[in-house]
Structures are given as structure tokens and as C-alpha cells.
Amino acid sequence: MNETSKSLNFIEQIIEEDLEKGYAKSDLRFRFPPEPNGYLHIGHASSICLNFGLGLRYQAPVNLRFDDTNPAKEEQEFVDAIKKDVSWLGFDWNTERYASDYFQQLYDWAVQLIKNDKAYVDSQTSEEMAVQKGTPTQPGFNSPYRNRTVSENLALFEEMKNGVHEEGSHVLRAKIDMAHTNMLMRDPIMYRVLHRAHHRTNTDWCIYPMYDWTHGESDYIEQVSHSLCTLEFLPHRELYDWFLDQVYDPTKLRPKQREFARRNLSHTVVSKRKLAQLVAEKVVTGWDDPRMPTISGMRRRGYTPESIRNFADTIGIAKRDNLIDVSLLEFHVREDLNKTTPRVMGVLDPLKVVITNYPEGKEEWLEAENSPEDESLGFRELPFSRELYIEKEDFKEEANKKFFRLKLGGEVRLKNAYIIKAESCTKDTNGNIVEVQCTYDPKSKSGSGTEESLRKVKGTLHWVSTSHAVQAEIRLYDRLFTHESPDTQKDKDFMEFINPNSLEVITGFVEPSLKEAQIGERFQFQRMGYFCVDKDSSDKNLVFNKTVGLRDSWAKIQQKSE
RNA sequence: UGGCCCAUGGUGUAAUGGUAACACUCCGGUUUUUGGUACCGUCAUUCUAGGUUCGAGUCCUAGUGGGCCAACCA
């Protein structure tokens with residue numbers, strides 16, 4: 001927590017060096033620049049935490065800037081979702097900006113470039129241009145249109161803007177060097193003709209600027225000091241600087257681009273394009289499907305903003321390729337949920353228990369602590385009766401002594417209730433156990449303080465009273481992909497690794513206090529895991545998502561004995 | 001057959017020329033009315049070869065391995 005003792009990541013070191021070299025702290029400014037063409041994912045969360053974290057650390061403003069230069073892909077729906085996600089993560093932006101706000105300024109600068117003989121209108125097809133561009137190992141060659149006169153370029157460019165020309169007929173290109181070793185410097189396209197309505201500028205423009213031309217100049221307009229992006233943009237830095245050189249006024253702050261490695265998460269894909277494909281092909285129900293590594297998906301799953309921020313802090317920022325194990329994310333989710341969620345009881349795979357020496361028709365309301373981690377959460381009351389459900393896996397006719405749960409002739413504590421002993425069980429015609437008959441010790445009531453209640457029994461089970469329990473739909477999730485790195489396998493498409501069993505829907509029974517649970521509310525079902533109420537939930541049909549299971553050392557013991 | 005970036009336990013990140021550390025995972029234990037939590041402990045790391053230096057994970061060179069670059073996407 002101590003800022004001064006915490007080691008700096010390499011971005012923070014760059015900033016510290018700039019500060020030492022005389023950069024004013026008040027000149028520091030950052031931005032988070034999403035393109036509104038999809039939902040934000042865990043990789044963006046990392047970038048958001050980086051940029052807004054820097055803002056907090058240096059008390060510097062952070063803009064939320066939508067990189068909306070491609071009306072073919074961008075929509076208002078995504079703008080709204082992105083704003084919601086950033087806010088939910090717990091960050092406040094200084095101002096909300098749009099690259100489209102700068103279209104006029106960008107156009108004016110482009111005209112200036114043409115006048116300075118730094119840009120020209122090319123009228124080749126994209127195929128011709130691709131050939132002419134060369135390859136990484138071979139230089140390109142000049143376009144036949146490269147030497148158009150300034151006045152001809154000016155006239156054409158204005159016509160492009162005015163919608164005189166068809167899509168694909170002309171582009172504006174920067175005039176740099178077709179033999180440059182960096183392919184991005186081989187006369188990159190600045191503008192294309194697009195007869196499309198834009199979500200903000202509507203049909204005002206018939207030409208739209210490309211990323212490279214837009215991004216750095218937007219940083220410059222906003223006077224962003226450090227423009228942070230992922231490593232695949234590293235080759236763009238040279239162009240970023242070249243474009244800046246064309247318009248730079250030395251009395252103003254000059255933004256600098258620096259790059260960090262995107263964070264990869266195991267057993268999923270962290271790519272908007274691939275996530276969009278999962279949505280489009282209906283592998284998942286939508287961008288906010290709880291199996292998706294999107295911020296909205298994680299929110300719906302029950303992850304907390306705190307846990308995602310802690311995760312981002314822990315994984316840090318660096319420049320090497322990485323594949324972060326999803327178990328680290330789950331650790332942070334459990335860590336936060338353990339501290340904050342109330343405990344309740346829910347039986348996912350019910351087995352009926354009848355307490356033969358408990359009077360028929362009797363019910364008792366027992367006091368139960370809401371959280372051993374947080375006293376302030378108080379207590380609630382639980383109904384107990386003659387017939388209960390316990391978890392099917394918590395009973396065996398016979399078992400070795402490693403099995404702490406209920407077995408014939410053995411005793412267990414029912415959480416917050418009595419100690420019971422299994423006397424017999426009945427089976428259906430297929431040999432499946434359908435009911436267990438038990439006796440209880442009436443003096444062993446939890447919290448009663450009697451000698452019997454203080455007895456140590458090895459196992460404690462969760463349970464619900466059959467007549468009081470509420471039926472609930474419970475959605476269990478597993479990893480979306482069976483491979484830890486589905487999208488880096490040579491000759492294999494990531495879709496081949498989709499886990500067919502990533503969703504299982506079951507019907508369980510939960511304690512009656514959950515009847516009034518609100519959408520989004522989180523609970524720990526004791527001994528089972530963390531669950532939250534899904535947005536599909538209604539008065540008629542209670543729906544829970546399993547957020548993450550509890551650590552399960554019994555499962556490990558079982559695995560080893562197999 | 002080019003250019004650029006990267007290389008620290010199983011995973012991620014530190015160590016800023018001076019004893020390689022922290023977290024997760026794994027494994028073992030203590031406590032426990034959650035086989036949870038908490039706490040304690042074990043195992044395990046500088047890609048290779050040269051060089052600079054009293055001293056190199058850190059600087060230099062080469063090699064090896066991985067990644068990025070040929071959208072009118074961002």
C-alpha cells in the first residue's frame with residue numbers, strides 16, 4: 001500500500017525519468033482510447049487500471065477517448081457499454097472525448113500536409129497499392145500518382161470530402177518513403193472515402209481518417225503526455241512521431257507513445273475480434289455471457305471491480321509475452337468475495353434426509369451467523385424440520401475414515417443446527433439412494449452451549465428444509481476453452497478448442513431467505529462456492545450464476561486416491 | 001531472404017552494477033460448526049557462449065528461442 005516502497009513498473013520509471021528531466025507534474029495527462037466496436041475485456045481492464053492508476057498516482061487527468069474513425073464497425077451501443085464498464089471498474093475520467101470531435105482539425109492539417117508536398121491523392125485500387133507496397137523483405141515502389149501537383153491534390157481531396165467520388169476510388173496518402181524498412185512508413189493511407197453515416201457526425205463526412213493519422217494528433221490536441229498502447233503498435237511509433245512532426249508547435253507539449261505487452265489470460269481469448277466471433281456464432285449468449293472474459297461478462301458472473309483491479313495490480317505491466325493463469329484471477333475473486341459476501345445454504349444436488357425422531361409437523365427457526373469474516377453482517381433465521389435436503393455427494397453407505405461426511409452409523413453436524421446420525425437408507429429399483437433416515441441429538445443444538453452441542457464431530461454439512469426451501473435454477477460455468485492458449489496453436493483455429501461443457505444448468509434448493517435476493521446480489525453458498533443472482537432471475541424463477549467455487553481440498557484428496 | 005521487440009521458478013512480476021525476492025499454483029502441516037478462511041512450512045528461477053568489471057540477472061557482442069510488421073481495421 002505504501003506508494004514509495006512499491007517498485008515501479010517500466011512505464012512509471014519512464015514517467016519518473018521525465019519528471020527528473022524537468023517535465024512538470026502538472027503536464028502529465030493520460031487517456032484510455034477504446035474503439036467503440038465491441039465490449040471491453042480483461043485486457044482492456046488491465047489497460048484501464050494502468051492509465052487511470054497513473055492518473056491517481058500523479059493526480060493527473062485521464063480522458064476517455066473513443067477512437068471512432070471507422071463508421072463501418074462502430075456503434076453507440078458500444079460507447080454506452082464501454083462507459084458503463086469503466087465506471088463500474090471504479091474510475092472517473094476527466095473528460096469524455098471522441099476522435100470524431102477532431103475531424104475538422106484533422107482535415108485542415110491534412111490540407112496543410114498536401115500544401116507542404118507531404119501528402120498526395122492516390123487513385124490506384126487497393127490491390128495495386130498492396131503490390132506496390134512491397135513486403136517486409138522487399139522495398140516498395142512509388143505510385144504513379146505520387147507526383148500529382150499540389151493544386152491537383154487539393155482539388156481531388158476536397159472532392160473526396162464533398163462526396164463526389166466513390167468508395168475505393170481515391171485515398172490520401174502521406175508522402176514518406178516507399179523503400180523504408182518499416183512498412184508503415186511506405187506512404188501510409190491517411191484518408192479513405194466512406195459513404196457511411198457515423199454514430200456522431202452522421203453524414204457530415206464522406207472521408208474518414210485512418211488510425212495512425214488520427215491517434216497521435218488526437219493525443220496532441222488533448223495534450224496527452226504519455227500515450228500508452230500495446231506492443232503491436234510499436235512499429236507505429238515511428239509514424240506517430242512523423243505525423244506529429246508535421247503539425248508540432250514547440251511551445252506545446254509533445255505526446256510520446258510507449259508500448260507494453262498485452263495481458264493474455266489462460267483458457268480464453270483476449271481479442272475483441274475473436275470475442276465478437278463467439279457472439280456472432282452463438283457459442284455464447286452475448287457479450288455479457290458469464291463465460292466471456294469481457295468486463296460485462298465478469299460482472300454478470302459475479303466478479304467484483306475490486307478483485308479485477310487487484311488482479312491487474314498483481315500481474316503488473318511489462319514487455320514480454322505472457323500467459324497469465326486464470327487461477328490467479330480466481331484467487332483475487334475469492335479473496336474479495338470471502339471478505340464481503342454473506343453465507344447462505346443451498347443444495348445443488350439434493351438427497352432427502354428424514355429425521356425419524358423429530359416430530360412431524362414441527363419447525364424451528366435457528367439462528368445463523370451471516371459471515372465469520374464480518375460480524376457486522378449480523379445473523380438470520382433458518383427453518384429446520386423433519387425433512388431436509390443435503391448434498392448427494394455428502395452421503396455414502398460406507399466409506400473410509402478420510403471421508404468426514406455422513407455414512408451409515410456415522411455422525412455429522414448440520415451447520416447451525418443439530419448433530420445427526422445416519423441409521424439407514426432406501427434405494428430405488430436401480431440401486432440409487434433416494435433417502436437417508438437419520439436420528440438427531442435434541443441436546444446438540446448449535447449455540448445452545450450444552451455439553452452435547454460442544455461435542456466435536458469431524459464433518460459439518462450444509463442443508464435446507466424441504467418444505468421451506470426455494471427452488472432455483474443454477475448455472476455452473478467451466479472454462480470456455482479446453483486449451484490454455486487456444487489462439488496460438490499453429491494450424492489450428494481457436495474455435496476447435498471450445499469446451500462443449502462450459503455451461504451446465506441444474507435445479508437446486510436454497511434457503512428461504514434468498515427468496516427476496518436482488519439481481520446482482522452475491523452470496524457464498526457454504527461449502528459450494530460463490531453465487532450471484534443473474535439478470536434473467538424473476539419472482540417465478542430464481543436464477544443463480546456460480547461465480548467461482550471454493551478451494552476444494554477434498555476434490556484433490558479424491559483425485560489422488562483414484 | 002529484411003527490420004524491430006522480448007528472454008528471471010510451473011505462472012506473473014521485482015531486484016535500477018553489490019546476498020535473486022514477492023504473489024499465485026503445487027506439496028505438507030496447525031486452527032476451524034464451511035475439507036472454506038487464517039496461519040506456518042517445503043520444492044523450485046536469471047536461455048547459451050564470450051567480453052567489460054573487484055563484482056553482471058542487470059552493460060557489450062554473437063548465437064538460440066519466442067513475438068510483431070505486407071487491412072482503404074484499430
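Letters A, B, ... are given to chains in the order of the sequence lines, protein chains preceding strands, and every chain is numbered from 1. Being a predicted model, the structure only gives us computed values, none of them experimental. The figures that follow rest on heavy atoms only: side chains count, while hydrogens, waters and symmetry mates do not.
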- prompt: Across the strands shown, which category fits Tyr208(A) at heavy-atom distances under 4.0 angstrom: base, sugar-phosphate, nothing?
  reply: nothing
- prompt: Out of G35(B), G36(B), A74(B), which nucleotide sits closest to the side chain of Asp552(A)?
  reply: G35(B)
message: Rounding to an integer number of angstrom, what distance separates C69(B) and U52(B) when you compare their C1' atoms?
response: 34 Å
- prompt: Any idea which of G36(B), G12(B), G2(B) is nearest the Ile324(A) side chain?
  reply: G12(B)
query: Nearest to the side chain of Met183(A), which nucleotide is it out of A70(B), A15(B), G67(B)?
result: A70(B)
task: Look at Arg192(A) and C73(B) and indicate whether a side-chain polar atom (N or O) is within less than 4.0 Å of OP1 or OP2.
output: yes
task: For RNA chain B, determine which residues of residues 32-45 of chain A have any heavy atom closer than 4.0 angstrom to one of its atoms, and list them numerically.
output: Glu35(A)
- prompt: Who are the ring pair (Phe, Tyr, Trp, His ring centres under 6.0 Å) partners of His170(A), not counting sequence neighbours?
  reply: His165(A)
- prompt: Counting side-chain heavy atoms from C-beta on, which of G36(B), A14(B), G67(B) comes nearest to Glu373(A)?
  reply: G36(B)
message: If the condition is ring pair (Phe, Tyr, Trp, His ring centres under 6.0 Å), which residues does Phe331(A) pass it with, not counting sequence neighbours?
response: none
- prompt: Does U31(B) have OP1 or OP2 sitting under 4.0 Å from an N or O in the side chain of Lys456(A)?
  reply: no
message: Of the options U37(B), C4(B), U13(B), whose atoms approach the side-chain atoms of Asn338(A) most closely?
response: U37(B)
- prompt: Does any N or O donor sit under 3.5 Å from an N or O acceptor when you compare the side chain of Arg527(A) with the base of U34(B)?
  reply: no
message: Both conditions, 6.0 Å and 45 degrees, for the charged tip of Lys272(A) above the ring of Tyr39(A): are they met here?
response: no
query: Relative to the ring of His215(A), is the ring of Tyr240(A) parallel (under 30°), tilted (30 to 60°) or perpendicular (over 60°)?
result: tilted
statement: In short, Lys402(A) meets Ile557(A) closest at the heavy-atom pair CD-CG2, 4.0 Å
query: Choosing from A74(B), U34(B), U16(B), which nucleotide comes nearest the side chain of Thr69(A)?
result: A74(B)
- prompt: Which nucleotide in the list U34(B), A71(B), G67(B) gets nearest to the side chain of Lys490(A)?
  reply: G67(B)
- prompt: Can you say whether the rings of Tyr440(A) and Phe384(A) are parallel (under 30°), tilted (30 to 60°) or perpendicular (over 60°)?
  reply: tilted
task: Name the residue closer to the 5' end of RNA chain B, choosing between Met528(A) and Pro209(A) according to the nucleotide with the nearest heavy atom.
output: Met528(A)
task: Report the nucleotide, chosen from A70(B), C5(B), C72(B), that has the shortest atom-to-atom distance to any side-chain atom of Thr135(A).
output: A70(B)
task: Output yes if the stacking criterion (under 5.5 Å between centres, under 30° between planes) is met for Trp554(A) over the base of G35(B), else no.
output: yes
